[in-house]
Participant: 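Below is the structure I would like to discuss, written out as structure tokens.
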Number of protein chains: 2
Amino acid sequence: MDAIAQEKTAESIATDLALAIHEHRLSPGAKLSEDEVGEIFGVSRTVVRAALQRLAHDRLVELKRNRGAFVAKPTVKEAREVFEARALLEPRTARSAAERTTEADMIRLRSHIAEEHAALHAGNPGRALFLSGLFHTEIARIANQATVEAFIVQLVARSSLIIALYWQRRNALCESHAHHALLDALKHHDGDRAEELMKHHLLDLLSSLDLRNSESAPRSLREALRH
Amino acid sequence: MDAIAQEKTAESIATDLALAIHEHRLSPGAKLSEDEVGEIFGVSRTVVRAALQRLAHDRLVELKRNRGAFVAKPTVKEAREVFEARALLEPRTARSAAERTTEADMIRLRSHIAEEHAALHAGNPGRALFLSGLFHTEIARIANQATVEAFIVQLVARSSLIIALYWQRRNALCESHAHHALLDALKHHDGDRAEELMKHHLLDLLSSLDLRNSESAPRSLREALRH
DNA sequence: GCGGACAAAATCGTATACAATAATGGCGAC
DNA sequence: GTCGCCATTATTGTATACGATTTTGTCCGC
């Protein structure tokens, strides 16, 4: 429904769709028809399929044979696994980042936080959440570990889906505080503190989710009959 | 040149190609023509493209626009990053695995090691290397962390390419020893020891590579002119 | 004999057409 | 009236055709 973009590559379409998912403009379970997406972006189904396959590999969409592509609906187990993986990767990556942070990095991070605040006060929580995730990927970039960064990008994106499904309270303020504290640790090249802060930040994030007793019951009873 | 497989899915083709790369039957830099691959597997270029895109996402092949698909040639920096990521993920995953290892898991692991030995003595070092990698992914599977497991699968596959490029000495015996020690730690549910063993095993693996002074000079001088 | 430019060939990028499969609606039987 | 079966429809899976870009081989000029 937005402006019809003139960009045509599969990469850009995948990025646009990922952004829409990240900002919760596309909800978990939403169907992504090849014809529809292709018409929106003004391209053939061929390139749309490439984009969808890419997103499927990132676990942002689920491809069901002869059924189509749907925005993924992570289970509770997957949610725990994603945060387990983040707990393995991000704290020590934050430590590495702290040891390498430059003034240019600080400026970039501060601008991200400022944007996040602005989006939040402008009543755009989706964009604020996206920028909040970007903060994490930026830290991975500063650590100069492209391989780990790619993993974290993927995990942050999936976290966005998880938050869309299992978010329970709106303590975004707490998050901002954690990011500010991390920023300070990076500024002083305090690797120990950065690692510890990131570790607890992820635990806080996890504890803000409602991951109880959904293991047996599907989220929507429609899902139970469809299988 | 092998038997023409009747399987037709993009998934199976990607798996076959990944196995060939893993076993060093396809060398880094080898070109994967869409027409050629399609003819070998008896499918159209469409499905071959899907398979290649999947492998490209795993960084096993590199897609160059209007040039084609080539088996990836990880740089020294990428090699270090891959082992850095493995160092973050695998030791603690081995710890988790040790706490959950069942008798069935032990049987499976022992059979993998036996196969590895058999392949090595049968003069098939490529397959032995593949099975050696499978040992690591099996541990991730035992830890019951599908998300982390997917990352490790990817890292192990890329490690195979790295070994193909930077291997310097044939100390496969040492590896087998490390795997046996890990097996023992898992058997006794000794998480501390499993974590420590995995950590040092990865360091040994890394130190067995020749990652010196290739940062400025490309591996083949052809590569320098092609860019 | 060597270098550069042009032409021919090959390969990839995209769109479209057809086939296969699953969802939907209607019809008939009980 | 309700349940089950079958035809219709819609959507995806695959193949093929055409256009764009790159590569390579050849020819001419120097």
Side-chain angles (χ1 to χ4, degrees), chain A residues 4-17 26-27 29-73 218 220-227, chain B residues 4-17 26-27 29-73 218 220-227:
Chain A
I4 296 170
Q6 292 294 356
E7 13 176 352
K8 293 180 296 189
T9 70
E11 187 95 7
S12 70
I13 292 174
T15 303
D16 281 10
L17 288 175
L26 282 172
S27 299
K31 180 166 168 62
L32 300 174
S33 165
E34 294 181 355
D35 280 326
E36 193 172 355
V37 176
E39 197 161 355
I40 289 173
F41 287 95
V43 294
S44 163
R45 278 177 50 215
T46 306
V47 53
V48 173
R49 281 180 73 82
L52 291 176
Q53 281 170 12
R54 184 200 168 100
L55 292 173
H57 197 287
D58 285 340
R59 307 287 197 110
L60 258 59
V61 310
E62 194 174 350
L63 256 43
K64 301 187 181 180
R65 184 172 181 89
N66 287 317
R67 291 280 314 275
F70 303 82
V71 178
K73 304 174 82 169
S220 72
L221 62 159
R222 282 189 69 221
E223 219 64 20
L225 312 186
R226 296 254 162 185
H227 183 75
Chain B
I4 295 170
Q6 292 293 357
E7 14 176 354
K8 292 181 296 189
T9 70
E11 187 97 7
S12 70
I13 292 174
T15 302
D16 281 11
L17 288 175
L26 282 171
S27 299
K31 181 167 169 60
L32 300 173
S33 166
E34 294 181 355
D35 280 326
E36 193 173 355
V37 176
E39 196 162 355
I40 289 173
F41 288 93
V43 294
S44 163
R45 279 177 50 215
T46 306
V47 53
V48 174
R49 281 182 72 81
L52 291 176
Q53 281 170 12
R54 183 201 170 100
L55 293 173
H57 197 288
D58 286 341
R59 307 289 195 109
L60 258 59
V61 310
E62 193 175 352
L63 256 44
K64 302 187 181 180
R65 185 173 180 88
N66 286 318
R67 292 279 314 273
F70 302 83
V71 178
K73 303 174 81 168
S220 72
L221 63 158
R222 281 189 70 220
E223 220 64 20
L225 312 185
R226 296 255 162 184
H227 185 73

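Chain naming here is simple, since letters A, B, ... match the order of the sequence lines and numbering starts at 1 in each. Please read these numbers as outputs of a predicted model, since none were measured by experiment.
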Participant: Let me know which of B:Leu60, B:Thr15, B:Val71, B:Ile13 forms a side-chain contact (heavy atoms from CB on, under 4.5 Å) with B:Leu55.
Facilitator: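 When side-chain contact (heavy atoms from CB on, under 4.5 Å) is applied between B:Leu55 and each of B:Leu60, B:Thr15, B:Val71, B:Ile13, only B:Leu60 qualifies.
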
Participant: Go through the structure and list residues passing salt bridge (Lys or Arg N to Asp or Glu O under 4.0 Å) with B:Glu36, not counting sequence neighbours.
Facilitator: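 Checked B:Glu36 against salt bridge (Lys or Arg N to Asp or Glu O under 4.0 Å); zero matches.
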
Participant: Please name the pair of heavy atoms, one in B:Gln53 and one in A:Gln53, separated by the smallest distance, quoted to 0.1 Å.
Facilitator: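 Residues B:Gln53 and A:Gln53, closest heavy atoms: OE1-OE1, 3.5 Å.
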
Participant: Just to verify, what does A:Glu62 make a salt bridge (Lys or Arg N to Asp or Glu O under 4.0 Å) with, not counting sequence neighbours?
Facilitator: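 In terms of salt bridge (Lys or Arg N to Asp or Glu O under 4.0 Å), with neighbours along the sequence ignored, A:Glu62 is linked to no residue.
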
Participant: Check side chain to side chain contact (heavy atoms under 4.5 Å, CB included) between A:Ala69 and all other residues, then give those that pass, not counting sequence neighbours.
Facilitator: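 Testing A:Ala69 for side chain to side chain contact (heavy atoms under 4.5 Å, CB included), a comparison that skips the adjacent residues, returns A:Leu32, A:Leu52, A:Leu63.
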
Participant: Minimum heavy-atom separation for B:Arg54 to B:Ala14, with atom names?
Facilitator: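 Closest approach of B:Arg54 to B:Ala14, heavy atoms only: CD-CB, 3.6 Å.
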
Participant: Going by atom type alone, with no hydrogens or angles, which donor-acceptor pairs under 3.5 Å involve a side-chain atom of residues 40-47 of chain A and a protein atom two or more places apart or on another chain?
Facilitator:
from	atom 1	to	atom 2	distance (Å)
A:Ser44	OG	A:Thr46	N	3.2
A:Arg45	NE	A:Glu34	OE1	2.9
A:Arg45	NH2	A:Glu34	OE1	3.1

Participant: Measure the distance from CD on A:Glu36 to P on D:dA10 and round it to the nearest whole Å.
Facilitator: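 A:Glu36 atom CD is separated from D:dA10 atom P by 15 Å.
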
Participant: How does protein reach along nucleotides 11-16 of chain C, written 5' to 3' as B (base within reach of a heavy atom under 4.0 Å), S (only sugar-phosphate), or - (no contact)?
Facilitator: SBBBBB

Participant: Please check: side-chain N/O of A:Ser27 versus main-chain N/O of A:Ala30, any donor-acceptor pairing under 3.5 Å?
Facilitator: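 Between the backbone of A:Ala30 and the side chain of A:Ser27 there is no qualifying donor-acceptor contact (under 3.5 Å).
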
Participant: Nearest-Å distance, CD1 (B:Ile13) to P (D:dG13)?
Facilitator: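 Between P of D:dG13 and CD1 of B:Ile13: 15 Å.
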
Participant: Using five base pairs at each end to define the local axes, how bent is the helix from C:dG1-D:dC30 to C:dC30-D:dG1, to the nearest 10°?
Facilitator: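 Roughly 10°, once rounded to the nearest ten degrees.
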
